[in-house]
Amino acid sequence: MQRKWVNSPYTFALGMFAMMVPSQAFSTFYSFFYVEKLGLGIGLATLARTIFLFWDAVNNPLFGHWSDRTNTRLGRRRPWIFGAMPLFMLTFIMVFSPPGGLSQNGLFAWFLTALILFEAVSTVLWVNYGALFPELYQGDRLRAKASAIQQSYQVVALLIGSALTPIIFKALNFPSMSIIYAFVFGIAMLICMLGVRERKEHSVGEPLKLGAAFKETLKNKKFWLFNISNSFAQTVNGLVSSMIPFYAKYVLKIGDDQITILMAAVFVSVIPLVFVWYWICRRMDGVKVWRLSLAVYAVSVLPLWFGFNLVSGVAAGIAVGFGLAGFLVTPAMVSGRIIDEDAEKTGLRREGIYTAVAGFITRSSGLISALAFLIVGLIFGYESGEKPGANPEMTFRVLISIVPFCLLLVSIVISLLTRFEFTTHRRGDLTHGEETHHQL
């Protein structure tokens, strides 16, 4: 690996691309696959997500704490990522390859088992990859730019995971799609990790024990309010993307082949818009621009209510793209400052525990999304693709527009509950090494 690519944000962002391709395909199509295609009832699907959440509550913080306490010649985070890579590939394939002829209970058991295994391995990857970001890139401006680069890679992954997936599973099938995406992940993630070098000085010092680590984290009001606010906005990301196939079928009344066009309208528009938000970030305080992005996101989901055909759906999708771009770029600056402030207080870099607990809070958005699906489905009579009820169109108008708007209002209110004042003001360009400075 040439020196100029070591800790380069362009190489590091390949990790985001690698994980988001299968993760987006999973979050967008698992409900559609199990509920619409295989006929699993939404009640059982929601129960599986609820059971997983309790498991996630245990493993997420533990993985983060163990990562912080790891000390090897490869660093703290890289050994975990290398070990999790083949397991991620296998469990992702498992999610979309249930045996044929399963009963409702059998299908539920397979889905729950695959979900628990896949999400556990995903936690290891996301915690350790996420913990690297605030260590490698420090200072508001550098984090904003590194985040914009990372999110542009993420958007390409979102586009592939959302828009290309229907083409692949229609031409082949869901199991073949999962195998293709598993190998895309493996190749891109390997290149990413070969280009990462961790700072040895961040492993110096006696790590806090588990109880003390949680105590310090629990006392951090900024951390909790920031991540609870983000969890409601994160719910919108997952809810909108997972509802698009249903929205296309029941509201826009377009075929599976045109879902790709609708997905592309959202995600292609995000690519240039993340740099618009980077430009805004350079001119505003990180907390202010984060709150602004939440407000813009809330407004941007409303046009989805008025969609009635492909053209109107595409126009609404572009509007959502602007709001989504802001939410993708801006949180990194605030979360990084929270971790920096904790390091100044404790004398330890604890990105792992903070990223893990933050991950659990935001991943709880999956339960919020599943509950919204269940409640709105019960109100309007939607049960599954085999029993869509009398008014599936209204079901998915509400789920893709009104519910996201309400969730984002909650997110905005929570974001205003504290002033987010920090002990130091860091808008400068502190980097993880002189070799990366010229690239940022």
Side-chain angles (χ1 to χ4, degrees), residues 1-26 56 59-95 114 116-137 146 149-150 153-154 157 161 178-204 207 339 349-360 363 432-433 435-436:
M1 184 66 66
Q2 296 181 10
R3 182 177 177 83
K4 68 178 182 178
W5 292 113
V6 173
N7 295 340
S8 161
Y10 297 97
T11 306
F12 182 71
L14 279 173
M16 177 65 77
F17 173 84
M19 291 187 291
M20 280 307 303
V21 170
S23 295
Q24 181 66 16
F26 167 78
D56 199 37
N59 71 40
N60 217 312
L62 282 177
F63 286 140
H65 180 67
W66 292 336
S67 176
D68 284 339
R69 295 179 64 86
T70 299
N71 189 356
T72 73
R73 65 181 183 85
L74 292 177
R76 294 187 292 174
R77 321 300 181 187
R78 294 173 77 222
W80 287 95
I81 293 174
F82 281 125
M85 284 168 57
L87 297 176
F88 182 87
M89 296 170 69
L90 290 173
T91 55
F92 178 70
I93 294 171
M94 179 181 177
V95 169
I116 288 174
L117 294 175
F118 174 67
E119 294 276 20
V121 179
S122 297
T123 296
V124 175
L125 286 171
W126 284 110
V127 163
N128 286 278
Y129 178 78
L132 286 168
F133 184 89
E135 174 186 326
L136 299 182
Y137 312 110
I149 294 169
Q150 189 182 57
Y153 279 51
Q154 177 176 348
S178 66
I179 293 171
I180 292 170
Y181 285 175
F183 279 94
V184 169
F185 159 81
I187 294 168
M189 199 72 201
L190 180 61
I191 295 172
C192 167
M193 284 297 103
L194 291 176
V196 169
R197 297 293 182 273
E198 298 181 50
R199 293 179 67 173
K200 293 182 179 179
E201 58 267 33
H202 284 185
S203 300
V204 175
I339 292 171
R349 297 294 306 190
R350 300 192 306 126
E351 290 92 346
I353 189 68
Y354 273 101
T355 303
V357 177
F360 167 69
R363 282 153 73 96
H432 173 64
E435 74 274 15
T436 65

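In this text, all values refer to a predicted model and were calculated from it rather than measured experimentally.
In this structure, I81 CD1 and L125 CG are separated by 6.5 Å, a value rounded to the nearest 0.5 Å. Here the CD1-OG1 distance, from I116 to T91, works out to 12.5 Å after rounding to the nearest 0.5 Å. To the nearest 0.5 Å, atom CZ of residue R78 and atom SG of residue C192 are 9.5 Å apart.
Counting heavy atoms from C-beta on, the side chains of Y153 and M20 never come closer than 4.5 Å. Side-chain contact between V184 and F17: present, with at least one pair of heavy atoms (C-beta onward) separated by less than 4.5 Å. Inter-residue side-chain proximity for V124 and L87 is flagged as unmet; no heavy-atom pair is nearer than 4.5 Å. Inter-residue side-chain proximity for V196 and M193 is flagged as met; some heavy-atom pair is nearer than 4.5 Å.
Applying the side-chain hydrogen bond (donor to acceptor under 3.5 Å, both in side chains) test to pairs two or more places apart or on separate chains, those with a residue in residues 14-24 are Q24-T28, Q24-S162.
Under the 30°/60° scheme for interplanar angles, the aromatic rings of W126 and Y129 are found to stand perpendicular.
The nearest pair of heavy atoms linking A84 to V121 is O-CG1, 3.4 Å. For the residue pair P134 and G130, the shortest heavy atom distance occurs at CD-O, 3.2 Å.
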query: Run the ring pair (Phe, Tyr, Trp, His ring centres under 6.0 Å) check on F118 and F88 step by step: do they pass?
result: CA-CA 6 Å; F118 174 67; F88 182 87; 5.2 Å; yes
message: Could you walk me through whether F185 and V21 satisfy the side-chain contact (heavy atoms from CB on, under 4.5 Å) test, starting with their C-alpha distance in whole Å, then the side-chain angles of each, then the deciding distance to 0.1 Å, before giving a yes or no?
response: CA-CA 7 Å; F185 159 81; V21 170; over 6 Å; no
- prompt: Going through the distances and angles, do L190 and F82 end up as a side-chain contact (heavy atoms from CB on, under 4.5 Å)?
  reply: CA-CA 8 Å; L190 180 61; F82 281 125; 4.0 Å; yes
task: Kindly determine whether L90 and L117 satisfy side-chain contact (heavy atoms from CB on, under 4.5 Å), including the steps that lead there.
output: CA-CA 10 Å; L90 290 173; L117 294 175; over 6 Å; no
- prompt: Would L14 and M189 count as a side-chain contact (heavy atoms from CB on, under 4.5 Å) if you check the C-alpha gap in whole Å, the side-chain angles of each, and the deciding distance to 0.1 Å?
  reply: CA-CA 6 Å; L14 279 173; M189 199 72 201; over 6 Å; no
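Panel note: side chain R77, backbone A131; no donor-acceptor pair is recorded below 3.5 Å.
Taking the ring-ring contact (aromatic ring centres under 6.0 Å, His included) definition, one finds that F133 meets it with Y137, sequence neighbours left out. Qualifying ring-ring contact (aromatic ring centres under 6.0 Å, His included) partners for Y181, counting only residues two or more places apart in sequence or in other chains: none.
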